[in-house]
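Remarks on the structure that follows.
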Amino acid sequence: IHNRNNLKIMMKDHLFPNKILNKNIKYKNIHTGERCFILGSGPSIVKQDIKKLKGEIIITQNHFHVHEDIKIIHPTYHCVVPFFHSKEFTSDWIDWIRSMEEKLPLDTHMFFHLNTKNIIEKNNFFVNRTSYLEVGLDPMTLKKAKVDISKKIMWVQTALMQCLTVALY
């Protein structure tokens, strides 16, 4: 049944491309041949000298914007997990996203899940520097990972998996 669901999703993506996701085509192979660092936001990162990464292509995620060296390393991209909470937590998300906008460099490009688009646009967050992702494919039944961010991607269990998908694209 999962294989059939994945097939339906892939066929629908092919026949009826999502205009918002389709804009992500501009990122395909944009950094071919360059190295990229994906940084997690666990407590151990505080002990690392990440200043050495200044000038590199860096993808951070979720709470990394609170790191004291965020302006020094100047991440190229920042990924945020999908909003899978009840609506009562929307104001918490707005506050969290506002803190990202305050602390991340002004040219860090953001990747949010499509289900946060209304929050982002209604609050004028990250104007002209936001792209959207949408999950849908079940990775357990795929023979090969799908990393095309101009279409639905695999369900991502962690923000780091989402960062990896963006980096591979």
Side-chain angles (χ1 to χ4, degrees), residues 21 24 27-120 123 125-127 129-142 144-169:
L21 298 178
N24 293 339
Y27 298 107
K28 184 162 181 70
N29 298 323
I30 195 170
H31 298 291
T32 297
E34 300 175 75
R35 63 186 187 170
C36 170
F37 294 86
I38 298 172
L39 302 180
S41 58
S44 65
I45 196 75
V46 176
K47 299 174 187 173
Q48 305 297 318
D49 181 9
I50 65 169
K51 292 179 209 149
K52 296 176 181 179
L53 298 177
K54 182 179 179 181
E56 299 283 358
I57 296 168
I58 299 170
I59 302 176
T60 54
Q61 47 81 36
N62 284 351
H63 297 290
F64 203 94
H65 64 284
V66 300
H67 195 284
E68 65 182 25
D69 294 329
I70 194 71
K71 298 280 188 186
I72 294 169
I73 65 162
H74 204 104
T76 312
Y77 305 103
H78 186 84
C79 293
V80 180
V81 294
F83 181 77
F84 289 124
H85 305 353
S86 60
K87 292 199 185 281
E88 67 189 75
F89 291 103
T90 301
S91 65
D92 293 334
W93 263 65
I94 291 170
D95 292 342
W96 182 50
I97 294 169
R98 183 174 290 116
S99 73
M100 284 181 220
E101 187 166 52
E102 291 168 0
K103 294 179 180 182
L104 284 165
L106 294 176
D107 60 346
T108 296
H109 192 82
M110 305 297 292
F111 282 96
F112 286 95
H113 190 273
L114 195 54
N115 70 358
T116 59
K117 186 176 186 296
N118 289 336
I119 293 173
I120 301 302
N123 292 281
F125 290 133
F126 305 104
V127 176
R129 60 186 180 121
T130 301
S131 295
Y132 296 97
L133 305 170
E134 187 170 21
V135 297
L137 297 172
D138 182 351
M140 299 305 287
T141 59
L142 295 171
K144 184 177 177 186
K146 301 291 183 191
V147 293
D148 185 349
I149 63 173
S150 70
K151 299 177 179 6
K152 286 186 179 143
I153 60 174
M154 297 176 298
W155 281 103
V156 288
Q157 304 304 317
T158 67
L160 288 175
M161 292 283 293
Q162 185 171 302
C163 291
L164 186 58
T165 301
V166 169
L168 288 171
Y169 187 71

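- Remark: Met110 CE to Glu101 CD distance equals 8.5 Å, nearest 0.5 Å.
- Listed by first and then second residue, the salt bridge (charged side-chain N to carboxylate O under 4.0 Å, His left out) pairs involving residues 42-60 are Arg35-Glu56 (not counting sequence neighbours).
- With Phe125 as the partner, the side chain to side chain contact (heavy atoms under 4.5 Å, CB included) test is satisfied by one option alone out of Thr130, Ile94, Thr116: Ile94.
- To the nearest 0.5 angstrom, Phe37 atom CZ is 10.0 Å from Ile57 atom CD1.
- Counting all heavy atoms, side chain and backbone alike, Ile58 lies closest to Leu39 at CG2-CD1, 3.8 Å.
- Rounded to the nearest 0.5 angstrom, Leu21 CG and Leu114 CG are separated by 5.5 Å.
- Put simply, CD1 on Ile149 and CG on Leu133 are 5.5 Å apart, with the number rounded to the nearest 0.5 Å.
- To the nearest 0.5 Å, atom CE of residue Met100 and atom CG of residue Asn62 are 6.5 Å apart.
- The minimum heavy-atom distance linking His67 with Val46 is given by the pair NE2-CA, 4.2 Å.
- Scanning for side chain to side chain donor-acceptor pair (under 3.5 Å) contacts around Ser131 gives Tyr27, His109, with sequence neighbours left out.
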Kindly indicate, with the supporting measurements, whether the criterion side-chain contact (heavy atoms from CB on, under 4.5 Å) is fulfilled by Ser99 and Val66. CA-CA 8 Å; Ser99 73; Val66 300; 5.5 Å; no
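- Ring pair Tyr77/His31: centre-to-centre distance below 6.0 Å.
- Nearest heavy-atom pair across Phe111 and Gln162 is O-NE2, 3.9 Å.
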Could you walk me through whether Ile97 and Phe112 pass side-chain contact (heavy atoms from CB on, under 4.5 Å), step by step? CA-CA 10 Å; Ile97 294 169; Phe112 286 95; 4.1 Å; yes
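- Between Leu160 and Gln61, the shortest heavy-atom contact is CD2-CG, 3.8 Å.
- Counting heavy atoms from C-beta on, the side chains of Val80 and Trp93 come closer than 4.5 Å.
- Distance alone, capped at 3.5 Å, places no donor-acceptor pair between the Asp148 side chain and the Tyr169 backbone.
- Residue pairs that meet the salt bridge (charged side-chain N to carboxylate O under 4.0 Å, His left out) test with at least one member in residues 61-84, sequence neighbours left out, do not exist here.
- The 12-atom threshold is exceeded at CD1 of Ile30, counting heavy atoms of other residues, nucleotides or ligands nearer than 6.0 Å.
- Considering all non-hydrogen atoms of both residues, Thr60 and Cys163 come closest at O-SG, 3.8 Å.
- Looking at Thr108, its side chain does come within 3.5 Å of a backbone N or O of Pro75 through a donor-acceptor pair.
- For the pair His65 and Trp96, the minimum side-chain heavy-atom distance is below 4.5 Å.
- Between Thr90 atom OG1 and Asp95 atom CG the span is 11.0 Å, to the nearest 0.5 Å.
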